[in-house]
Amino acid sequence: MGRLFVVSLEGKIYSCRHCRTHLALCDDIVSKSFHSRHGKAYLFSKVVNVSLGVKEERLMMTGLHTVADIFCVGCGSIVGWKYETAHEKGQKYKEGKSVLERVKVSGPDGNNYWVSHETQVGGSDADDA
């Protein structure tokens, strides 16, 4: 196995909840109004230190999308997904952007988001931003 190069970010960052590897900057948040099967999720214009899973078609609340799960390069935990293709015209703004699930990352002040009992345990979905 090769050497792992990890990007260190400066400023207000979101990091992997399990291993604290830096994932994204607060300044790169596009929307905080997304949802996943585990609760809140944020759409980012740029994330680092992730590897892409297999592309697959997913039918979400906002239509059909081609997405790939994203994994922390530090520990391998799934932290969200990346939009490869949005099949609906009004959803094209998501292409190339990534969603980080709040339950799987620590916020800029080190806080963790915990799943409440009201969280819907359905399919992974995003609201409109």
Side-chain angles (χ1 to χ4, degrees):
M1 202 165 183
R3 180 177 287 196
L4 178 65
F5 290 97
V6 177
V7 176
S8 291
L9 300 173
E10 292 187 25
K12 293 183 177 181
I13 61 164
Y14 285 87
S15 58
C16 175
R17 179 176 171 194
H18 300 288
C19 70
R20 303 289 186 227
T21 297
H22 294 180
L23 299 174
L25 290 169
C26 279
D27 293 342
D28 292 328
I29 293 175
V30 175
S31 175
K32 290 185 175 183
S33 64
F34 279 66
H35 296 278
S36 73
R37 68 178 55 126
H38 300 109
K40 288 184 176 187
Y42 296 168
L43 181 69
F44 288 85
S45 58
K46 179 183 175 185
V47 295
V48 297
N49 300 322
V50 296
S51 60
L52 282 176
V54 177
K55 292 180 188 179
E56 64 182 23
E57 302 290 320
R58 286 191 197 156
L59 184 58
M60 297 183 170
M61 290 176 11
T62 56
L64 185 64
H65 297 82
T66 304
V67 299
D69 287 334
I70 54 176
F71 301 86
C72 172
V73 297
C75 66
S77 296
I78 184 169
V79 291
W81 67 89
K82 180 178 181 181
Y83 286 101
E84 297 291 339
T85 308
H87 299 284
E88 310 244 346
K89 187 177 180 182
Q91 301 299 310
K92 293 287 187 185
Y93 75 95
K94 296 176 184 175
E95 292 183 346
K97 295 178 178 66
S98 299
V99 172
L100 294 178
E101 297 184 62
R102 280 297 286 129
V103 73
K104 298 178 180 182
V105 298
S106 294
D109 55 1
N111 67 338
N112 289 319
Y113 173 81
W114 300 101
V115 177
S116 69
H117 293 291
E118 298 87 46
T119 302
Q120 188 177 14
V121 186
S124 197
D125 262 331
D127 280 344
D128 43 312

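Please read these numbers as outputs of a predicted model, since none were measured by experiment. Residues: numbered from 1 along the sequence shown.
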*asked:* For a quick check under 3.5 Å, do Lys104 and Ser36 share a side-chain donor-acceptor pair by atom type?
replied: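 No.
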Any idea which heavy atoms bring [X] and [Y] closest together, and the distance?
{"X": "Ser45", "Y": "Val30", "value": "N-CG2, 3.6 Å"}
{"X": "Glu101", "Y": "Gly80", "value": "OE2-CA, 4.1 Å"}
{"X": "Gly74", "Y": "Thr21", "value": "CA-OG1, 3.7 Å"}
{"X": "Gly53", "Y": "Ala68", "value": "O-CB, 3.6 Å"}

*Got a donor-acceptor contact below 3.5 angstrom from the Asn49 side chain to the His22 backbone?*
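A pair under 3.5 Å: yes.
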Nearest 0.5 Å, please: how far is [atom2] in [Y] from [atom1] in [X]?
{"X": "Thr62", "Y": "Phe34", "atom1": "OG1", "atom2": "CZ", "answer": "7.0 Å"}
{"X": "Lys94", "Y": "Glu88", "atom1": "NZ", "atom2": "CD", "answer": "9.0 Å"}
{"X": "Arg58", "Y": "Glu84", "atom1": "CZ", "atom2": "CD", "answer": "11.0 Å"}
{"X": "Ile29", "Y": "Leu43", "atom1": "CD1", "atom2": "CG", "answer": "9.5 Å"}
{"X": "Glu56", "Y": "Thr66", "atom1": "CD", "atom2": "OG1", "answer": "9.5 Å"}
{"X": "Leu100", "Y": "Ile70", "atom1": "CG", "atom2": "CD1", "answer": "5.0 Å"}

Taking the side chain as every heavy atom from C-beta outward, state whether [X] and [Y] have any pair of such atoms under 4.5 Å apart.
{"X": "Val67", "Y": "Met60", "result": "yes"}
{"X": "Val103", "Y": "Arg17", "result": "yes"}
{"X": "Gln91", "Y": "Tyr83", "result": "no"}
{"X": "His87", "Y": "Glu57", "result": "yes"}
{"X": "Tyr14", "Y": "Pro108", "result": "yes"}

*Apart from Ile78 itself, which Ile, Leu, Val, Met, Phe, Trp or Tyr residues share its cluster (side-chain heavy atoms under 4.5 Å, direct or through members)?*
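Grouped by the 4.5 Å side-chain rule, Phe71 form the rest of the cluster around Ile78.
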*More than 12 non-hydrogen atoms from neighbouring residues, nucleotides or ligands closer than 6.0 Å to NZ on Lys92, yes or no?*
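Enclosed.
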*Between Leu23, Val7, Leu25, Val73, which is the residue that forms a side-chain contact (heavy atoms from CB on, under 4.5 Å) with Val48?*
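Checked Leu23, Val7, Leu25, Val73 against Val48; only one passes side-chain contact (heavy atoms from CB on, under 4.5 Å): Val7.
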*Which word best sums up how the rings of Tyr42 and Phe44 line up, parallel for under 30°, tilted for 30 to 60°, or perpendicular for over 60°?*
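The rings of Tyr42 and Phe44 sit tilted, inter-plane angle from 30° to 60°.
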